[in-house]
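Comments concern the structure below.
Both backbone and side-chain heavy atoms feed into the values below; hydrogens, waters and symmetry mates do not. Computed from a predicted model, the values in this text were never measured in an experiment.
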Amino acid sequence: MPEPHVNLTRRQILGIGGAFGLLTTASLAGAAALARRPATTGAELRTAAALPPPYQVPLPLPAVARPVSTDGGTDRYEIVQRETSAEILPGLRTPLWTYGGSFPGPTIEARRGRPVTVTHRNELPVPTVVHLHGGRTPADSDGYPTDLVLPAAWPQAPQAMPGMDGHEGGTGTGMADPRAVTSRLRRDYTFPNDQRPTLLWYHDHRMDFTAPALWRGLAGLHIVRDDAEDALGLPAGPHEIPLMITDRAFTADGALTYPSLDPALRDRPGVTEPHLAGVLGDVVLVNGAPWPVHETDAARHRLRLLNASNARHYELEARTEDGRRLDLVQIGADQGLLAAPVTHRSLPVAPAERYDLVVDFAAAPVGSLVRIVNRLGTGRTRDVMAFRIARPAPADDSRIPPRLATDLPDWRREDAVRTRDFAFRAGRMNGGHGWLIGGRPFDPARTDVTVPLGDTEIWRLIADVHHPVHLHLVGFRILTRGGRPPLPHDAGLKDTVSLRPGESAEIITRFDGYRGRYLFHCHNAEHEDMGMMANLEVV
């Protein structure tokens, strides 16, 4: 299914979202030119190495991290960020930046209300920052982009501000962040896990260099569980499978290729001009393996799905060998279980979105394949992975209850104390191309939004091209799209909303949890590196 063109009349533009026409004809035209009409989420790199046929490489399952201590009611972990190499394409070694020596990094299994402290040690050649995406996290552990962990040998920056440990904290333009809190070599991040059970993920969030760090492998899973979810009888054990979907491209010798202006990722952020709208790869990886296959039985499976791609959108289907589409029963969204299941035949998934799905393989003959395909892909990117139904299921006592969760917030429109408008669009930044929120590029020293702790707000968002918009600290509900009711896949509590070209959305949330400095931004990683972030101060 091709992505839509950005080709709107002035009347259509002024009508987007009803009450707020935030974009002009000129800005939409400029965005479309930047994104290469028809508007896509980026430009695709081509792999020079020989690629394996689909559904030959076994699906890896990320290792579960073991705590080094459980004393005092807190689980403590240690993760070393380090360079390594792995066989991703058969017969070739790929250099990677990793959490704990693997891609994806080790999965942290947490219990609701039980704190986790992770000590990250940076043995990479550049500074890093760790953000727990979707976490209700105190500001000092949220992974603000200038709160850097410096490697041991990182040189003193000549323009560093006092107290910033030698880092100028800029966005490539020389601007500094007087509130940055940096450390050398290691940092403790504490996650209270005082939130609904769900699939979160942790990844690098360094100022200006998030996209290439993600591309090189700095991502891992963090799952929060609780007793109420455990009691529902959902598929579990070997029938609960995390799936981190990414796309990459490779050189002839197996190295990752990425169009950085500074391949060392030290001084000059950004990508080459053809990739300003986002970087796409032509190899789809699931849990770090190309087009893998998972051998299993003909039972219900719970698929914990994450799109960890920099810029690629997917529209997923599960197809049997005779062409039938299996139901994708959605039981959860970014921020946990839905109130009731929602059944899809296909499911759009934007960067950073997570979906909790149950798929019943009982209808697939033993010995057959069930393919997960991407309707938005072309060529090899139409394939994602497959399940080989190798044997009949033992007694399958799992179930999908008609009622899943009773703890979803019931925020109403009349509860909101204020409404804010934000336009996400292309623009000029420092004499070049950039991506802006409200017409301004990110500045770490500027406060863009101030919200009193506990206030409920409605935010009205509008996009020129594809922008998956992510809020730190809080989840939200989607109220409308384009002035109409939300789509079926918008159900539940979200922390990332996928805005399509020319589309508007209204979201509602309550800013509770913690005071401090947080972010909201586009999760097309190239867009956020090129200015599409803003500061949120909870006071």
Side-chain angles (χ1 to χ4, degrees), residues 17 133-134 136 195-201 223-224 226 228-229 232-235 240 243 245 300-307 313-318 325-360 375 399-413 415-416 456-461 463 466-471 474-500 503-510 523:
H133 182 115
R136 286 172 57 88
Q195 61 186 103
R196 307 178 72 237
T198 192
L199 172 66
L200 310 175
W201 63 301
I223 300 175
V224 181
D226 74 358
E229 182 189 74
L232 291 175
L234 297 167
E240 181 185 355
L243 300 174
I245 302 177
R300 292 187 192 91
H301 285 61
R302 183 181 185 183
L303 307 182
R304 312 296 295 266
L305 185 70
L306 160 66
N307 179 359
H313 292 241
Y314 302 84
E315 185 170 344
L316 301 178
E317 290 181 346
R325 292 189 297 174
L326 299 183
D327 287 344
L328 306 176
V329 182
Q330 182 187 354
I331 59 171
D334 300 334
Q335 287 284 309
L337 292 172
L338 308 183
V342 177
T343 298
H344 310 277
R345 285 300 183 93
S346 65
L347 183 66
V349 190
E353 285 190 305
R354 286 95 65 213
Y355 285 96
D356 197 346
L357 307 175
V358 174
V359 180
D360 192 350
R375 297 182 64 198
R399 66 191 190 101
I400 306 175
R403 184 69 172 169
L404 293 165
T406 59
D407 62 346
L408 283 161
D410 59 353
W411 306 310
R412 297 164 298 175
R413 186 178 291 274
D415 295 332
T456 300
E457 297 192 352
I458 291 172
W459 286 16
R460 302 189 296 193
L461 317 172
H466 278 117
H467 295 299
V469 177
H470 169 53
L471 271 65
V474 294
F476 54 79
R477 284 190 16 247
I478 299 174
L479 292 176
T480 65
R481 282 187 181 269
R484 294 183 293 274
L487 298 170
H489 64 270
D490 292 329
L493 199 62
K494 303 274 292 171
D495 57 50
T496 305
V497 56
S498 177
L499 299 179
R500 298 171 297 189
E503 187 174 50
S504 64
E506 290 182 298
I507 63 174
I508 186 170
T509 188
R510 184 171 186 263
H523 220 290

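- Side-chain contact check for Leu199 versus Asp356: every heavy-atom pair is 4.5 Å or farther apart.
- Other residues, nucleotides and ligands contribute over 12 non-hydrogen atoms within 6.0 Å of the CZ atom of Arg345.
- Atom CG of Leu461 is separated from atom CD of Glu503 by 10.5 Å, given to the nearest 0.5 angstrom.
- Nearest heavy atom pair, residue Pro402 against residue Ala340, reads O-CB, 3.4 Å.
- Taking CG from Asp360 and CD1 from Ile400, the interatomic distance works out to 7.5 Å, rounded to the nearest 0.5 Å.
- Counting heavy atoms from C-beta on, the side chains of Thr198 and Leu493 never come closer than 4.5 Å.
- Residues Leu305 and Leu316 are in side-chain contact: their nearest non-hydrogen atoms beyond the backbone lie under 4.5 Å apart.
- Remark: the backbone N or O of Pro468 is not paired with any side-chain donor or acceptor of Glu353 at under 3.5 angstrom.
- Every residue meeting the side-chain hydrogen bond (donor to acceptor under 3.5 Å, both in side chains) condition with Arg354, not counting sequence neighbours, appears here in chain and number order: His133, Asp495.
- You'll find the ring centres of His470 and Trp201 outside the 6.0 Å limit.
- For Thr456, the side-chain hydrogen bond (donor to acceptor under 3.5 Å, both in side chains) test picks out no residue, with sequence neighbours left out.
- Residues meeting the salt bridge (charged side-chain N to carboxylate O under 4.0 Å, His left out) test with Glu457, sequence neighbours left out: Arg418, Arg420.
- In this structure, a donor-acceptor pair under 3.5 Å is absent between the side chains of Gln330 and His489.
- Every salt bridge (charged side-chain N to carboxylate O under 4.0 Å, His left out) that Asp490 has, sequence neighbours left out, goes to Arg481.
- The two residues Leu234 and Pro401 come nearest to each other via the heavy atoms CD2-CD, 3.9 Å.
- Contact of the Lys494 side chain with the Arg477 side chain is not registered, since no non-hydrogen atoms from C-beta on lie closer than 4.5 Å.
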Exercise. Apply the test side chain to side chain contact (heavy atoms under 4.5 Å, CB included) to residues Phe476 and Val497: give CA-CA distance (whole Å), side-chain angles for both, the deciding distance (0.1 Å), then the verdict.
Key: CA-CA 9 Å; Phe476 54 79; Val497 56; 3.9 Å; yes

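- Qualifying side-chain hydrogen bond (donor to acceptor under 3.5 Å, both in side chains) partners for Asp407, counting only residues two or more places apart in sequence or in other chains: Arg112, Arg196.
- Within the 3.5 Å criterion, the main-chain N or O of Gly475 finds a donor-acceptor partner in the side chain of Thr509.
- Atoms CG and CG, from Leu303 and Leu328 in turn, are 8.5 Å apart once rounded to the nearest 0.5 Å.
- Partners of Arg413 according to the side-chain hydrogen bond (donor to acceptor under 3.5 Å, both in side chains) rule, which considers only residues two or more places apart in sequence or in another chain, are Glu506.
- Between Arg302 and Glu229 there is a salt bridge, since at least one side-chain N of the basic residue sits less than 4.0 Å from a carboxylate O of the acidic one.
- The structure places CD1 of Ile507 at 9.5 Å from CH2 of Trp411, a figure rounded to the nearest 0.5 Å.
- The shortest heavy-atom contact between Leu338 and Ala491 is CD2-O, 3.6 Å.
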Self-check item: Residue pair His301, Glu240: steps toward the side chain to side chain contact (heavy atoms under 4.5 Å, CB included) verdict
Solution: CA-CA 6 Å; His301 285 61; Glu240 181 185 355; over 6 Å; no

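- Listed here is the closest heavy atom pair of Gln335 and Gly134: NE2-O, 2.9 Å.
- Counting all heavy atoms, side chain and backbone alike, Leu499 lies closest to Ala505 at CD2-CB, 3.6 Å.
- Taking CD1 of Ile458 as the start and CG of Asp415 as the end, the distance is 9.0 Å to the nearest 0.5 Å.
- Put simply, CD1 on Ile223 and CG on Leu200 are 9.0 Å apart, with the number rounded to the nearest 0.5 Å.
- With a 4.5 Å cut-off on side-chain heavy atoms, Ser346 and Glu317 count as touching.
- Of the possible donor and acceptor atoms, one in the side chain of Asp334 sits under 3.5 Å from a partner among the backbone N and O of Thr496.
- Across Val329 and Pro341, no two heavy atoms sit closer than the pair CG1-CB, 3.8 Å.
- Trp459 has its side chain out of reach of Val469: every pair of non-hydrogen atoms, C-beta onward, lies at least 4.5 Å apart.
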